[in-house]
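The first residue in the sequence is number 1, and the count goes up from there. Predicted, not measured: the structure shown is a model, and the values here were computed from it.
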Amino acid sequence: MLDLDETLVHFDQQKRLYRPRPFALEFVREMAMQYELVIFTAGLKDYADWILDDFDKKRLIRHRLYRNHCKLRKGVYLKDLSRLGRDLTKTIIVDNIAENFDMQPENGIHILSWFTSPSDTELHKLGPILALFVQNRVPDVRDMIKKYFKARQP
């Protein structure tokens, strides 16, 4: 699962346009060959669909979960990964807000927020690590997340 805002793209409210994070399109293409890709955003459906319909023209992202799929707790939109109905030993969420995956912190990879820096390489660095999970056929991704990311990096 992937978060949308400040993980894959940044939306400029003044200009009313979004910009993909560096390597975002390549990352999605590469990961779609190895994973079932799902967007889990705290954004509203119309907003997220508008961006994703343009960003993902080849429909590599298979499913979309939105704000209405989150649980609002103390001002934080919690993303319950069990909502997708997938085996949590095989489920990863990449999000720029670690609190968003508090319900299953061992499944989460915290990524730095992206706004506009053209020199950002976070997705470029993340792709090969996630590919290793598949190549090594790890029985439980949570063990590998703990090993490579220490589960919840601040």
Asp12: partners by side chain to side chain contact (heavy atoms under 4.5 Å, CB included), with sequence neighbours left out: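 Gln14, Lys15.
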Gln135: partners by side chain to side chain contact (heavy atoms under 4.5 Å, CB included), with sequence neighbours left out: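 So Gln135 forms a side chain to side chain contact (heavy atoms under 4.5 Å, CB included) with Ala131, Leu132.
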From [X] atom [atom1] to [Y] atom [atom2], the distance as rounded to the nearest 0.5 Å:
X: Asn107; Y: Met1; atom1: CG; atom2: CE; value: 9.0 Å
X: Arg67; Y: Leu72; atom1: CZ; atom2: CG; value: 8.5 Å
X: Leu52; Y: Lys45; atom1: CG; atom2: NZ; value: 10.0 Å
X: Met31; Y: Leu60; atom1: CE; atom2: CG; value: 12.0 Å
X: Leu44; Y: Tyr66; atom1: CG; atom2: OH; value: 11.0 Å
X: Asp95; Y: Ile109; atom1: CG; atom2: CD1; value: 11.0 Å

Between [X] and [Y], what is the shortest heavy-atom contact and its length?
X: Asp120; Y: Pro22; result: O-CB, 3.5 Å
X: Trp50; Y: Leu17; result: CH2-CA, 4.3 Å
X: Val138; Y: Lys90; result: O-NZ, 3.1 Å
X: Cys70; Y: Ala42; result: SG-CA, 4.2 Å
X: Asn68; Y: Arg83; result: O-NH1, 4.3 Å
X: Asp87; Y: Thr91; result: O-OG1, 2.7 Å

Do [X] and [Y] have side chains that get closer than 4.5 Å, going by heavy atoms?
X: Val38; Y: Ile61; value: no
X: Tyr77; Y: Lys71; value: no
X: Ile92; Y: Leu130; value: yes
X: Arg64; Y: Asp49; value: yes
X: Phe27; Y: His124; value: no
X: Leu126; Y: Phe149; value: yes
X: Phe55; Y: Leu25; value: yes
X: Leu81; Y: Leu88; value: yes

Candidate pair Tyr47 and Phe11, rule ring-ring contact (aromatic ring centres under 6.0 Å, His included), full reasoning: CA-CA 10 Å; Tyr47 161 80; Phe11 179 71; 5.4 Å; yes
Is [X] salt-bridged to [Y], cutoff N-O under 4.0 Å?
X: Asp5; Y: Arg21; answer: no
X: Arg29; Y: Asp56; answer: no
X: Lys79; Y: Asp3; answer: yes
X: Lys57; Y: Asp54; answer: yes

Can you hop from [X] to [Y] via hydrophobic side chains spaced under 4.5 Å?
X: Ile93; Y: Leu65; value: yes
X: Val94; Y: Val141; value: yes
X: Val9; Y: Trp114; value: no

Derivation of the side chain to side chain contact (heavy atoms under 4.5 Å, CB included) call for Leu37 and Arg62: CA-CA 6 Å; Leu37 293 185; Arg62 300 291 180 181; 5.5 Å; no
Phe101 and Leu78: CA distance, side-chain angles, deciding distance, side chain to side chain contact (heavy atoms under 4.5 Å, CB included) verdict: CA-CA 6 Å; Phe101 52 82; Leu78 299 176; over 6 Å; no
Please enumerate all residues that pass side-chain hydrogen bond (donor to acceptor under 3.5 Å, both in side chains) together with [X], with sequence neighbours excluded.
X: Asp46; answer: none
X: Lys125; answer: Glu122
X: Arg86; answer: Glu36, His63

Step-by-step salt bridge (charged side-chain N to carboxylate O under 4.0 Å, His left out) determination, Asp102 to Lys74: CA-CA 12 Å; Asp102 264 353; Lys74 296 181 183 176; over 6 Å; no
Chi angles and distances behind the side chain to side chain contact (heavy atoms under 4.5 Å, CB included) call for Ile111, Leu123: CA-CA 8 Å; Ile111 191 167; Leu123 293 175; 3.7 Å; yes
ring-ring contact (aromatic ring centres under 6.0 Å, His included) partners for Tyr18, two or more places apart: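 For Tyr18, no residue satisfies ring-ring contact (aromatic ring centres under 6.0 Å, His included) once neighbours in sequence are set aside.
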Residues Thr7 and Asn96: side-chain donor-acceptor under 3.5 angstrom: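 There is such a pair (donor and acceptor under 3.5 Å, judged by atom type) between the side chains of Thr7 and Asn96.
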Ring geometry between Phe133 and Tyr148 (parallel below 30°, tilted from 30 to 60°, perpendicular above 60°):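 Plane angle between 30° and 60°, so tilted.
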Side chain to side chain contact (heavy atoms under 4.5 Å, CB included) evaluation trace for Val76 with Asn100: CA-CA 7 Å; Val76 175; Asn100 286 351; 3.7 Å; yes
